[in-house]
Amino acid sequence: MKIKVTDDIDLRKIAYSGQCFRWKELEDDRFLIVAFGTYVIASQTGDEICLESEYDIDEQLWVEYFDLRRNYSEIVDNIDREDTFLYNAGQYGRGVRILHQDPFETLISFIISQRKSIPAIKTSIEKICAACGRELGVVEGEKVYAFPTPLELYSVPIEKLEDCSLGYRLPYVMEAARHFYQEPDLLDRMNEMSDEELKEMLLEFYGVGDKVASCTMLFGFARLNTFPIDVWIRRALDQKYINGFPFSRYEPYNGIMQQFIFEYYRGKK
DNA sequence: AGGCAGGCGCTCC
DNA sequence: GGAGCGCCTGCC
């Protein structure tokens with residue numbers, strides 16, 4: 001399947017943007033993307049995204065996933081030119097989009113992410129998927145597993161999870177899985193909530209603080225105004241915005257600005 | 001080979 | 001309500 005995109009998109013930038021952990025680069029600029037209980041192999045030629053899979057491809061699902069209904073180039077063009085740092089960050093980050101990922105997977109992934117490097121996060125998540133996720137097939141000689149459902153994760157024997165490099169995060173993961181499993185309408189309720197209510201609720205989860213809650217909202221609930229602050233963003237803000245970041249100017253897309261800043265600042269180190 | 005990660009909970013004030 | 005500390009472990 002091919003999807004024509006009339007907006008900024010760059011699969012490579014997205015793949016390495018730190019928001020997704022189950023993209024794997026294959027040869028020839030192709031990316032294996034496992035999400036929503038299925039997978040695709042994505043590649044890009046100019047403004048055309050090609051998706052291939054042994055499974056049926058639900059175009060609307062992936063349009064939603066890549067947030068293709070939103071016009072990012074317009075958002076980049078709206079950046080204040082006087083703000084040289086943000087303007088440059090926007091240009092540098094052109095093509096990055098905020099993925100609309102599965103909320104449960106996003107929550108668990110960012111719980112795991114605390115005090116871990118990105119390679120370590122990926123390793124841990126892959127182990128979890130292999131331990132209790134559904135087997136989806138074989139791609140380039142490697143088995144592909146779906147991210148587990150709350151039930152699959154909650155009911156896996158604890159010994160198997162102990163081999164997944166979770167460390168002290170193990171009880172955090174189990175608690176979150178239990179919540180989602182035992183409360184089937186939880187997700188619907190969360191989707192109905194305002195940003196403030198959702199944040200409050202996520203913070204009640206054991207092991208979830210401000211950073212993890214914010215990342216879950218931005219990357220898993222498509223709350224694009226959420227502005228996660230990690231050590232990199234903290235440094236960037238302290239250095240470039242002594243008088244505070246102009247959040248009101250970039251509503252309702254502060255989260256996209258955060259992503260640009262993150263890419264740019266981390267890239268330049 | 002040892003410090004350090006894209007934090008958080010808990011325990012003090 | 002804020003500062004200080006311990007935490008698992010893989011990765012560079």
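When reading the values below, keep in mind they use all heavy atoms of this one structure, side chains included, and skip hydrogens, waters and symmetry mates. The model shown is predicted, which means the values in this text are computed figures rather than measured ones.
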Within the structure shown, what part of the strands sits under 4.0 Å from [X] by heavy-atom distance: base, sugar-phosphate, or nothing?
X: Ser214(A); answer: nothing
X: Tyr206(A); answer: sugar-phosphate
X: Gly209(A); answer: sugar-phosphate
X: Ile118(A); answer: base

Do Tyr172(A) and Gln114(A) touch side chain to side chain, with heavy atoms closer than 4.5 Å? yes
So, do Asp230(A) and Phe262(A) sit near enough that their side-chain heavy atoms are less than 4.5 Å apart? yes
Side chain Tyr172(A) and base dG7(B) donor-acceptor under 3.5 Å: no
To the nearest Å, how far apart are [X] [atom1] and [N] [atom2]?
X: Leu218(A); N: dG6(B); atom1: CG; atom2: P; answer: 18 Å
X: Ile233(A); N: dG6(B); atom1: CD1; atom2: C1'; answer: 10 Å
X: Lys211(A); N: dA5(B); atom1: NZ; atom2: P; answer: 14 Å
X: Met174(A); N: dC8(B); atom1: CE; atom2: P; answer: 20 Å
X: Lys116(A); N: dG7(B); atom1: NZ; atom2: P; answer: 12 Å
X: Ile121(A); N: dG7(B); atom1: CD1; atom2: C1'; answer: 11 Å
X: Gln114(A); N: dC10(B); atom1: CD; atom2: P; answer: 12 Å
X: Phe110(A); N: dA5(B); atom1: CZ; atom2: C1'; answer: 15 Å

The test is side-chain contact (heavy atoms from CB on, under 4.5 Å); show your working for Asp67(A) and His100(A) and say whether it passes. CA-CA 6 Å; Asp67(A) 200 21; His100(A) 191 164; 5.6 Å; no
Comparing nearest nucleotides in DNA chain B, the 5'-proximal residue of the pair Gly207(A), Gln259(A) is Gln259(A)
Let me know, please, whether Phe205(A) or Arg235(A) comes out on the 5' side of the other along DNA chain B by nearest nucleotide. Arg235(A)
Under a 3.5 Å distance rule, please check whether Glu59(A) uses its side chain to pair with a backbone N or O of Ile3(A) as donor and acceptor. no
When you measure from the side chain of Arg235(A) to the backbone of Trp232(A), do you find a donor-acceptor pair of N or O atoms at a distance under 3.5 Å? no
Side chain to side chain donor-acceptor pair (under 3.5 Å) evaluation trace for Glu48(A) with Thr45(A): CA-CA 5 Å; Glu48(A) 201 167 67; Thr45(A) 316; 5.6 Å; no
Using the C1' atom in both, what is the distance from dG6(C) to dG3(B), to the nearest Å? 16 Å
Expressed as a whole number of Å, how far does the C1' atom of dA1(B) sit from that of dG10(C)? 14 Å
salt_bridge(Arg94(A), Asp77(A)) N-O dist < 4.0 Å: yes
Nucleotide interval of DNA chain C bounded by contacts with chain A (heavy-atom cut-off, under 4.0 Å): dC7(C) to dC11(C)
Need the pair for dG10(C). Rule: Watson-Crick or G-U wobble, both distances under 3.5 Å, any strand; none if unpaired. dC4(B)
With ring centroids as reference points, do Tyr154(A) and Phe180(A) lie under 6.0 angstrom apart? no
